[in-house]
Amino acid sequence: MFVMLTVRLIAPTDYSVREDGRPIGRVRLAHERAPAIWLWHVTVPLPGPPYGDAHSLDEAKGRFKVAWEAFKAQQSAEVLSRAYEAMGHASRPARWAATR
(Lines give C-alpha, C1' and ligand atoms only; values in the text may rest on other atoms or scores of the structure.)
Protein backbone atom coordinates (compact mmCIF):
# COMPACT_ATOMS: atom_id res chain seq x y z
CA MET A 1 0.00 0.00 0.00
CA PHE A 2 1.29 3.45 -0.93
CA VAL A 3 1.47 5.82 2.02
CA MET A 4 0.92 9.48 1.15
CA LEU A 5 2.68 11.70 3.63
CA THR A 6 2.67 15.46 3.34
CA VAL A 7 4.67 18.09 5.15
CA ARG A 8 3.31 21.43 6.30
CA LEU A 9 5.67 24.29 6.99
CA ILE A 10 5.16 25.63 10.52
CA ALA A 11 8.38 27.70 10.72
CA PRO A 12 11.25 28.34 8.28
CA THR A 13 12.97 25.03 9.17
CA ASP A 14 10.18 23.20 11.01
CA TYR A 15 7.57 20.93 9.42
CA SER A 16 4.52 19.01 10.60
CA VAL A 17 4.27 15.59 8.93
CA ARG A 18 0.74 14.46 8.07
CA GLU A 19 -0.95 11.36 6.76
CA ASP A 20 -4.40 11.90 5.26
CA GLY A 21 -4.44 15.37 6.85
CA ARG A 22 -3.77 13.98 10.34
CA PRO A 23 -0.57 15.15 12.10
CA ILE A 24 1.69 12.19 12.83
CA GLY A 25 5.13 13.72 13.30
CA ARG A 26 7.63 16.48 12.88
CA VAL A 27 10.82 17.21 10.94
CA ARG A 28 12.94 20.18 12.01
CA LEU A 29 16.42 21.59 11.62
CA ALA A 30 18.09 21.50 15.03
CA HIS A 31 20.09 24.73 15.02
CA GLU A 32 21.16 24.02 18.60
CA ARG A 33 23.34 21.17 17.32
CA ALA A 34 26.83 21.84 15.96
CA PRO A 35 26.68 21.31 13.09
CA ALA A 36 22.93 21.74 12.63
CA ILE A 37 21.14 18.49 11.75
CA TRP A 38 17.63 17.55 10.65
CA LEU A 39 15.71 15.70 13.38
CA TRP A 40 12.50 13.77 12.80
CA HIS A 41 10.10 11.93 15.08
CA VAL A 42 6.68 10.33 15.09
CA THR A 43 4.29 12.02 17.54
CA VAL A 44 1.47 9.45 17.61
CA PRO A 45 1.00 8.57 21.32
CA LEU A 46 1.93 4.89 21.20
CA PRO A 47 4.80 3.11 22.92
CA GLY A 48 8.11 3.26 21.09
CA PRO A 49 7.48 5.77 18.28
CA PRO A 50 10.53 6.02 16.01
CA TYR A 51 12.83 9.01 15.71
CA GLY A 52 16.12 9.81 14.05
CA ASP A 53 18.27 12.35 12.28
CA ALA A 54 19.56 13.13 8.80
CA HIS A 55 21.86 15.52 7.00
CA SER A 56 19.19 17.01 4.72
CA LEU A 57 15.46 17.66 4.72
CA ASP A 58 14.89 15.19 1.87
CA GLU A 59 16.84 12.49 3.71
CA ALA A 60 14.87 13.19 6.92
CA LYS A 61 11.55 12.94 5.06
CA GLY A 62 12.63 9.64 3.46
CA ARG A 63 13.79 8.13 6.73
CA PHE A 64 10.60 9.32 8.46
CA LYS A 65 8.43 7.64 5.82
CA VAL A 66 10.25 4.30 6.04
CA ALA A 67 10.14 4.32 9.86
CA TRP A 68 6.46 5.41 9.94
CA GLU A 69 5.40 2.63 7.56
CA ALA A 70 7.24 0.00 9.64
CA PHE A 71 5.90 1.39 12.93
CA LYS A 72 2.33 1.63 11.63
CA ALA A 73 2.48 -1.95 10.34
CA GLN A 74 3.12 -3.11 13.92
CA GLN A 75 -0.08 -1.46 15.21
CA SER A 76 -3.64 -2.68 14.79
CA ALA A 77 -6.21 -0.41 13.14
CA GLU A 78 -8.05 -0.20 16.47
CA VAL A 79 -4.94 0.90 18.38
CA LEU A 80 -4.14 3.53 15.74
CA SER A 81 -7.74 4.77 15.77
CA ARG A 82 -7.66 5.24 19.57
CA ALA A 83 -4.31 7.06 19.36
CA TYR A 84 -5.59 9.38 16.62
CA GLU A 85 -8.72 10.06 18.65
CA ALA A 86 -6.59 10.96 21.68
CA MET A 87 -4.51 13.29 19.55
CA GLY A 88 -7.63 14.96 18.15
CA HIS A 89 -9.09 15.39 21.62
CA ALA A 90 -5.94 17.13 22.85
CA SER A 91 -5.88 19.62 19.97
CA ARG A 92 -9.58 20.33 19.56
CA PRO A 93 -10.50 24.04 19.59
CA ALA A 94 -13.36 23.61 22.10
CA ARG A 95 -10.86 22.34 24.68
CA TRP A 96 -9.76 25.91 25.37
CA ALA A 97 -13.26 27.44 25.46
CA ALA A 98 -13.82 26.39 29.10
CA THR A 99 -10.62 28.13 30.27
CA ARG A 100 -11.41 31.54 28.78
Side-chain angles (χ1 to χ4, degrees):
M1 177 204 271
F2 180 72
V3 175
M4 178 58 112
L5 299 181
T6 57
V7 293
R8 185 175 117 195
L9 186 67
I10 55 178
T13 57
D14 196 353
Y15 299 83
S16 170
V17 182
R18 296 171 176 265
E19 180 180 55
D20 297 327
R22 181 180 297 124
I24 60 163
R26 184 173 173 195
V27 175
R28 73 177 186 89
L29 185 60
H31 296 282
E32 69 275 12
R33 301 276 183 102
I37 193 164
W38 287 92
L39 300 178
W40 60 267
H41 64 278
V42 170
T43 57
V44 177
L46 293 170
Y51 60 90
D53 57 36
H55 294 290
S56 72
L57 175 58
D58 286 338
E59 183 182 5
K61 290 190 297 186
R63 288 182 178 188
F64 184 103
K65 182 177 180 177
V66 168
W68 170 247
E69 290 173 354
F71 180 71
K72 194 169 89 167
Q74 297 173 3
Q75 313 302 322
S76 71
E78 182 179 317
V79 167
L80 284 171
S81 178
R82 284 195 311 264
Y84 292 147
E85 184 178 323
M87 290 170 65
H89 179 76
S91 63
R92 74 189 192 292
R95 174 181 181 206
W96 307 108
T99 61
R100 291 183 186 167

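- Taking both residues in full, the closest heavy atoms of Met87 and Pro23 are given as CE-O, 2.8 Å, listed atom of the first, atom of the second, then distance.
- For the pair Val7 and Arg18, the minimum side-chain heavy-atom distance is 4.5 Å or more.
- Remark: Phe71 CZ is packed, more than 12 non-hydrogen atoms of other residues, nucleotides or ligands lying under 6.0 Å away.
- Residues Trp40 and Glu59 have side chains not in contact (no heavy-atom distance under 4.5 Å, counting atoms from C-beta outward).
- With sequence neighbours excluded, no residue satisfies salt bridge (Lys or Arg N to Asp or Glu O under 4.0 Å) with Asp20.
- No side-chain heavy atom of Ile10 sits under 4.5 Å from any side-chain heavy atom of Tyr15.
- Of all non-hydrogen atoms in Ile37 and Ala54, the two that sit nearest each other are CG1-O, 2.9 Å.
- By the 4.5 Å heavy-atom criterion applied to side chains, Val17 and Arg26 are not counted as neighbours.
- Hydrophobic clustering, defined by side-chain heavy atoms of Ile, Leu, Val, Met, Phe, Trp and Tyr closer than 4.5 Å, leaves Val66 isolated from every other such residue.
- Under the side-chain hydrogen bond (donor to acceptor under 3.5 Å, both in side chains) criterion, Gln74 pairs with no residue at all, not counting sequence neighbours.
- Annotation: salt bridge (Lys or Arg N to Asp or Glu O under 4.0 Å) contacts of Arg33 (sequence neighbours excluded): none.
- Leu29 is not listed as a side-chain neighbour of Leu39, based on a closest heavy-atom distance of 4.5 Å or more.
- Put simply, CH2 on Trp68 and NE2 on His41 are 12.5 Å apart, with the number rounded to the nearest 0.5 Å.
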**Request:** Take Trp38 and His55, measure what side-chain contact (heavy atoms from CB on, under 4.5 Å) needs, and give me the verdict at the end.
**Result:** CA-CA 6 Å; Trp38 287 92; His55 294 290; over 6 Å; no

**Request:** Might you work through the side-chain contact (heavy atoms from CB on, under 4.5 Å) test for Leu80 and Lys72, ending with a clear yes or no?
**Result:** CA-CA 8 Å; Leu80 284 171; Lys72 194 169 89 167; 3.4 Å; yes

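- Looking at residues two or more places apart in sequence or on another chain, you find no side-chain hydrogen bond (donor to acceptor under 3.5 Å, both in side chains) involving Asp53.
- Side-chain contact check for Ile24 versus Leu5: some heavy-atom pair is nearer than 4.5 Å.
- Qualifying side-chain hydrogen bond (donor to acceptor under 3.5 Å, both in side chains) partners for Gln75, counting only residues two or more places apart in sequence or in other chains: none.
- Rounding to the nearest 0.5 Å gives a distance of 8.5 Å between CZ of Arg63 and OG of Ser56.
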